[in-house]
Amino acid sequence: MTKSALQIARAAYQPKLPKALKGAVVAKEGEPTQSVADQEEIKKLFPNTYGMPLIQFVEGEAKEYAPMNVGVILSGGQAPGGHNVISGLFDGIKKLNPANKLYGFILGPGGLVDHKYMELTADIIDEYRNTGGFDIIGSGRTKLEKEDQFEKGYEILKELGIKALVIIGGDDSNTNACVLAEYYAAKNYGIQVIGCPKTIDGDLKNEMIETSFGFDTACKTYSEVIGNIERDCNSARKYWHFIKLMGRSASHIALECALQTQPNICIISEEVEAKNMSLDDIVTYIAQVVADRAAAGNNFGTVLIPEGLIEFIPAMKRLIAELNDFLAANGEEFNSIKRSKQREYIISKLSPENAAIYASLPEGVARQLSLDRDPHGNVQVSLIETEKLLSEMVATKLAAWKEEGKFVGKFAAQHHFFGYEGRCAAPSNFDADYCYSLGYTASMLIANGKTGYMSSVRNTTAPAAEWIAGGVPITMMMNMERRHGEMKPVIQKALVKLDGAPFKAFAAMRDTWAKETAYVYPGPIQYFGPTEVCDQPTKTLQYEQAK
Ligand code: FBP
């Protein structure tokens, strides 16, 4: 395989570890924990893995460990740094005992159920250190939730002599990791399950998990390109760029990119919901900024739009909730209906308020809302072209305002969607170090006999040597939510907090950014050079962790 010069140079990079993990460690246990909400229900559902203490690793005496085999799964969307989690895990278990073996299950949780796996040897691991992507073993979105899947998994784990399974995934995959941990514990199968917090979306975080891996690199990659677009836009001065950013529900990516690049407009879905804004309110807000800039002679600008926006417009949210429940119960009937009749069919089945909204949507958006959910029951928001929907509606409003003399400029739009471009970027120094530490920490949780824990690395705005490594019981992050029409225990998704420091910093500046052209051009991720260029964590983390 031909390698780029950067790949070759990066292969030699040794990720930094927290000081406590550099030698032998001991697990320090904290107080018993509670789930974030619905304690009684969660406790009943997880009798073996509920209430466990927080773990912190501190320097300790060297010990001997009997040989063991470990399995690893990459689950869900790609996020930069996955290969470093695996290399940290590999190095960790080899340090415990060089006879230990690591097996990777192929193409996500499906590989466990279908018994597709490979041994990850030192040669293979070395090819993938500090690289982006999940291609070392591939990823998939099979949901591990049924007993027969757990049993099929157990068969192969037993056959390979695997003592512990590490599931690298987002909130849904870690929820499943916890269900699996509970199941194996209840059956006394002697198999531990450990989770690792992955997702570019940044929505798997809480007091103990400061950030999910991949968020740093993905946001820096998008911010580089947004900065380039801003500069192009400020050079030609003739386009409004509507840029949709991945992130599923939460607007963390859009907010972080806004903090890095200072665009003229950034919509935050969580604010739209809190202010009960309609689609028309959003369109009016954008059109007003366009009109004001035009009045000052600036017929150009940039707008950032989070991909989950549609689901946060309260009227749309009610519609989607009814659609989710309806399709969960009547999916088969719906799919048997001719495509050209499906829209009519849905309109005839919805409540009058939702039917009216559904009927008013452009064909493409309506269709997308009724298409297959992902295996976790989510609308596939990345397929909805919100950037085009908004710019078309803004154009229509501006045309009406022109007639009334309220808009005097020109409006020409360009559209972009940044998502897949950032998910497999080579991990930034932050993600390279963070992921390696998460994987290494997972090996220590395994060595200490833990199950149902998520690997946790905190104090991440300090230099890596001062990071705090440990484990958080997954049940601690859970609450009950409605999924596929039923109440289920799930890890609580972290949305943008409107009273949080990152949003407040943005809100204090956005009117200035709307009027003035205050763009910032972050440029590409740097791996070698001054630390303030190469090792900065995200603005989100810096604001959140500022003491
Ligand atoms: P995860 O939550 O699995 O990490 O996925 C992240 C994500 O990139 C979302 O931002 C996006 O909505 C979705 O995956 C796209 O899914 P797919 O890769 O299946 O097209």
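Predicted, not measured: the structure shown is a model, and the values here were computed from it. Residues: numbered from 1 along the sequence shown. Read the numbers this way: they start at 1 and go in the same order the structure lists the ligands and their atoms.
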What are the atoms of ligand 1, with element, lying closer than 4.0 Å to any heavy atom of Y420?
-> 15 (C), 17 (P), 18 (O), 20 (O)

Atoms in ligand 1 with a heavy atom of G77 nearer than 4.0 Å | 1 (P), 3 (O), 4 (O), 5 (O)

Test item: side-chain donor near acceptor, Y436 and D91, under 3.5 Å | yes

Between K198 and F213, is NZ or CZ placed under 6.0 angstrom from the six-membered ring centre and within 45° of the ring axis?
-> no

Any donor-acceptor N or O pair under 3.5 Å, side chains E210, Y434 | no

Any atoms of ligand 1 less than 4.0 Å from a non-hydrogen atom of G247? List them with their elements.
-> 10 (O)

State whether the side chain of E256 and the backbone N or O of D216 hold a donor-acceptor pair below 3.5 Å, judged by distance alone.
-> no

Nearest candidate to atom 6 (C) of ligand 1, where distance is taken over non-hydrogen atoms, out of L204, D201, I168, D171 | D201

State whether the shortest distance between N or O atoms of G76 and N or O atoms of ligand 1 falls below 3.5 angstrom.
-> no

May I ask you to check if R10 and Y13 form a cation-pi contact, with NZ or CZ under 6.0 angstrom from the six-membered ring centre and within 45° of the axis?
-> yes

Atom indices of ligand 1, in the order listed, that fall short of 4.0 Å to a heavy atom of E307 | 9 (C), 10 (O), 11 (C), 12 (O)

Taking the side chain as every heavy atom from C-beta outward, state whether Y519 and Q262 have any pair of such atoms under 4.5 Å apart.
-> no

Please work out which of R141, Q78, K493 has its closest non-hydrogen atom nearest to atom 5 (O) of ligand 1.
-> R141

Answer yes if the side chains of N130 and N84 hold a donor-acceptor pair under 3.5 Å, and no otherwise.
-> yes

Under 4.0 Å from a heavy atom of K198: give me the atoms of ligand 1 that qualify, with their elements.
-> 1 (P), 3 (O), 4 (O)

G170 heavy atom under 4.0 Å from ligand 1 = no

